[in-house]
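One structure is given below, encoded as structure tokens.
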Amino acid sequence: MTLLSLIRRHHKLLGAVGGTLAVVIGIYSDEARTALDWLWASMGWFSPALPVLGILGLCAATWYARGLVEQNRRQDRRVINQSFDIRVADFEDDLPGDQTVIGRELRYLERVTHSNTLVVLLPGLGLDANDFRPYMNIAQEHTAALTLFGFNAEEAKDERYRPVGLKTHVELVNGALNHFRRKYPQKKLVLVGFSTGADLIIRLGEFWQTHPTRNPRTYAMVLLDPNINHSSMVVSGAFATMNPSAPFTELIEIARIPQNITEFQNMSEYLHKISKKNLAHIQRHAEDWWDYWEGEEKCERFLQRVGTLHAMCPKLKVVFSANYDQHFNEIVAGARRQSMGEIFDLLREDHFQLLNERLIAKEVATLVASPSLS
């Protein structure tokens, strides 16, 4: 912020001070001139340097003011580690005996802004909130990225965080969404999910259908590469059948999946991230998703589930990567029969490139600003 901006911001106060000084000087003009003549004479040889010192002082004041503004801006844009305790009130149904989550923490990253939109981000299989940091750093919206229970690297060896089922994950995430709804009741809630994070939003739609009082009133949703059936679950399927007790051997086999150098680079980065996690959590989560999408290799079940979600939240966008080339026309044809063909889009990006911060920012901004897509 420049000196001119500061003057504009405080022009009323400066105007009042200036007016007061003008009146005082007008009343005591003779005395003021005498005082200034005396001051100038007393300065002697030092007086020629006054204009230079004045300019230097003005520059220093401007630099200091800009520093304060920049410090406040950075403070406003900080991404902060947050968490909240998991309580019984987060669950409407009784938990099975092996789903030990009460009294633990669910972790998330948050960057608060003055935006009236809160974007909550859900990561893919084995990933965590940190994968959304690049987007959070540039987003104009208030953002919060969740790490699913057990997928925080710092808790990988904590025996209190044992693998839990998909139903428990759904209730935990829904509890988190309602936590944000209570904390920021006036903000528009937007959900963004990547890969199985997008699947989780679809699964939440089914949960809200049977538990309507638990729906946090979502304003808009963006699904990035959700699964459509087993054919899209190449990596998830490999994790679903892996042996967590032999992680190195299993990860080497998964590293053989890519078909080109770009996919290999992305897969290598992905495996590097998840190798720090408890693979038992990843295996259990992948197995649950494999079971969730069990059935025919067509897209009917996917479209039915997306239709349920779309009925609850018309501001819905589903973005596919180039990996879905062979399925996209079938998906759009089926979606048009349900009057929701316009919600789908196909990009030429690879699967993991859908995490690009500019891409997410564009999709969120466009969706929030637009009317319903169908």
Side-chain angles (χ1 to χ4, degrees), residues 1-3 5-6 9-10 61-86 104-124 126-156 158 172-173 175-194 197 216 218-222 224 269 272-274 276-277 352-369:
M1 183 177 290
T2 63
L3 180 62
S5 300
L6 290 173
R9 174 178 290 187
H10 303 290
T62 303
W63 176 82
Y64 178 73
R66 183 168 184 168
L68 288 177
V69 172
E70 180 66 17
Q71 183 178 1
N72 290 335
R73 187 185 70 82
R74 290 179 180 177
Q75 184 82 3
D76 182 56
R77 296 180 70 88
R78 281 193 310 169
V79 176
I80 302 173
N81 287 292
Q82 303 272 41
S83 67
F84 61 86
D85 295 333
I86 301 170
R104 278 66 167 175
E105 290 180 317
L106 200 64
R107 299 181 182 274
Y108 63 97
L109 296 176
E110 184 174 17
R111 203 207 80 199
V112 179
T113 71
H114 298 297
S115 171
N116 67 345
T117 300
L118 167 60
V119 180
V120 179
L121 304 132
L122 303 178
L127 300 178
D128 55 51
N130 288 292
D131 291 278
F132 292 110
R133 273 186 182 271
Y135 164 65
M136 298 176 75
N137 285 329
I138 69 166
Q140 298 298 317
E141 298 82 10
H142 178 171
T143 52
L146 288 175
T147 295
L148 296 189
F149 183 87
F151 289 97
N152 180 37
E154 296 176 3
E155 295 155 355
D158 191 333
L172 285 172
V173 171
L177 297 179
N178 280 288
H179 165 82
F180 292 130
R181 172 55 66 207
R182 291 189 297 270
K183 191 173 181 180
Y184 307 106
Q186 303 304 319
K187 296 206 173 189
K188 298 175 181 176
L189 184 61
V190 176
L191 298 186
V192 176
F194 170 71
T218 305
Y219 178 74
M221 301 177 186
V222 180
L224 302 170
E269 184 178 352
H272 174 70
K273 292 176 181 178
I274 67 167
K276 304 172 185 177
K277 311 292 180 69
F352 288 102
Q353 291 172 334
L354 295 188
L355 284 171
N356 178 273
E357 62 273 22
R358 302 290 176 186
L359 187 152
I360 298 176
K362 179 181 177 181
E363 294 295 340
V364 170
T366 302
L367 184 60
V368 170

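To the nearest 0.5 Å, atoms CZ (R181) and CD (Q186) are separated by 8.5 Å. Going from atom CG of L122 over to atom CG of L224 covers 10.5 Å, rounded to the nearest 0.5 Å. The distance from atom CG of D128 to atom NZ of K276, rounded to the nearest 0.5 Å, is 9.5 Å. Between the CG atom in N152 and the CG atom in L146 there is a gap of 12.0 Å [rounded to 0.5 Å]. Taking NE2 of H179 as the reference point, atom CG of D85 lies at 10.0 Å (rounded to 0.5 Å).
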Hey, mind stepping through Q140 and S115 against side chain to side chain contact (heavy atoms under 4.5 Å, CB included) and telling me if it holds? CA-CA 7 Å; Q140 298 298 317; S115 171; 5.9 Å; no

Starting from the C-alpha separation in whole Å, work towards a yes-or-no answer on side chain to side chain contact (heavy atoms under 4.5 Å, CB included) for R358 and I138. CA-CA 8 Å; R358 302 290 176 186; I138 69 166; 3.8 Å; yes

Would L177 and V120 count as a side chain to side chain contact (heavy atoms under 4.5 Å, CB included) if you check the C-alpha gap in whole Å, the side-chain angles of each, and the deciding distance to 0.1 Å? CA-CA 8 Å; L177 297 179; V120 179; 3.7 Å; yes

Using the side chain to side chain contact (heavy atoms under 4.5 Å, CB included) rule, take L109 and F132 through it: C-alpha gap first, then chi angles, then the decisive distance, then the call. CA-CA 9 Å; L109 296 176; F132 292 110; over 6 Å; no

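Residues M136 and L121 meet the side-chain proximity criterion, which asks for heavy atoms closer than 4.5 Å. L191 is not listed as a side-chain neighbour of Y219, based on a closest heavy-atom distance of 4.5 Å or more. L118 has its side chain out of reach of V190: every pair of non-hydrogen atoms, C-beta onward, lies at least 4.5 Å apart. A 4.5 Å side-chain heavy-atom check between E141 and R111 finds every atom pair outside the cut-off. Side chains of T218 and K188 form no contact here, defined as non-hydrogen atoms less than 4.5 Å apart. Between L127 and L148, every side-chain heavy-atom pair lies at or beyond the 4.5 Å cut-off. Contact of the F352 side chain with the E269 side chain is not registered, since no non-hydrogen atoms from C-beta on lie closer than 4.5 Å. Side chains of L367 and V222 form a contact here, defined as non-hydrogen atoms less than 4.5 Å apart.
Here the side chain of N356 pairs a donor or acceptor atom with the backbone of L359 at under 3.5 angstrom. Distance alone, capped at 3.5 Å, places no donor-acceptor pair between the K277 side chain and the A153 backbone. No donor-acceptor distance shorter than 3.5 angstrom exists from the side chain of R107 to the backbone of T147, with no hydrogens or angles considered.
Geometrically, K187 engages Y184 in a cation-pi contact, judged by NZ or CZ lying under 6.0 Å from the ring centre and within 45° of the ring axis.
A donor and an acceptor atom, one from each side chain of N130 and R133, are located under 3.5 Å apart. In this model, a donor atom of one side chain and an acceptor atom of the other lie less than 3.5 Å apart for E105 and S83.
Heavy atoms only, all atoms of each residue included: A145 and A129 are closest at O-CB, 3.2 Å. Looking at every heavy atom in both residues, A144 comes nearest to Y108 through CB-CD1, 4.4 Å.
Between F180 and F84, the ring-plane angle classifies as perpendicular under the 30° and 60° cut-offs.
Partners of K273 according to the side-chain hydrogen bond (donor to acceptor under 3.5 Å, both in side chains) rule, which considers only residues two or more places apart in sequence or in another chain, are D131.
Applying the side chain to side chain contact (heavy atoms under 4.5 Å, CB included) test between V119 and each of L189, V368, V192 identifies V192 as the sole match.
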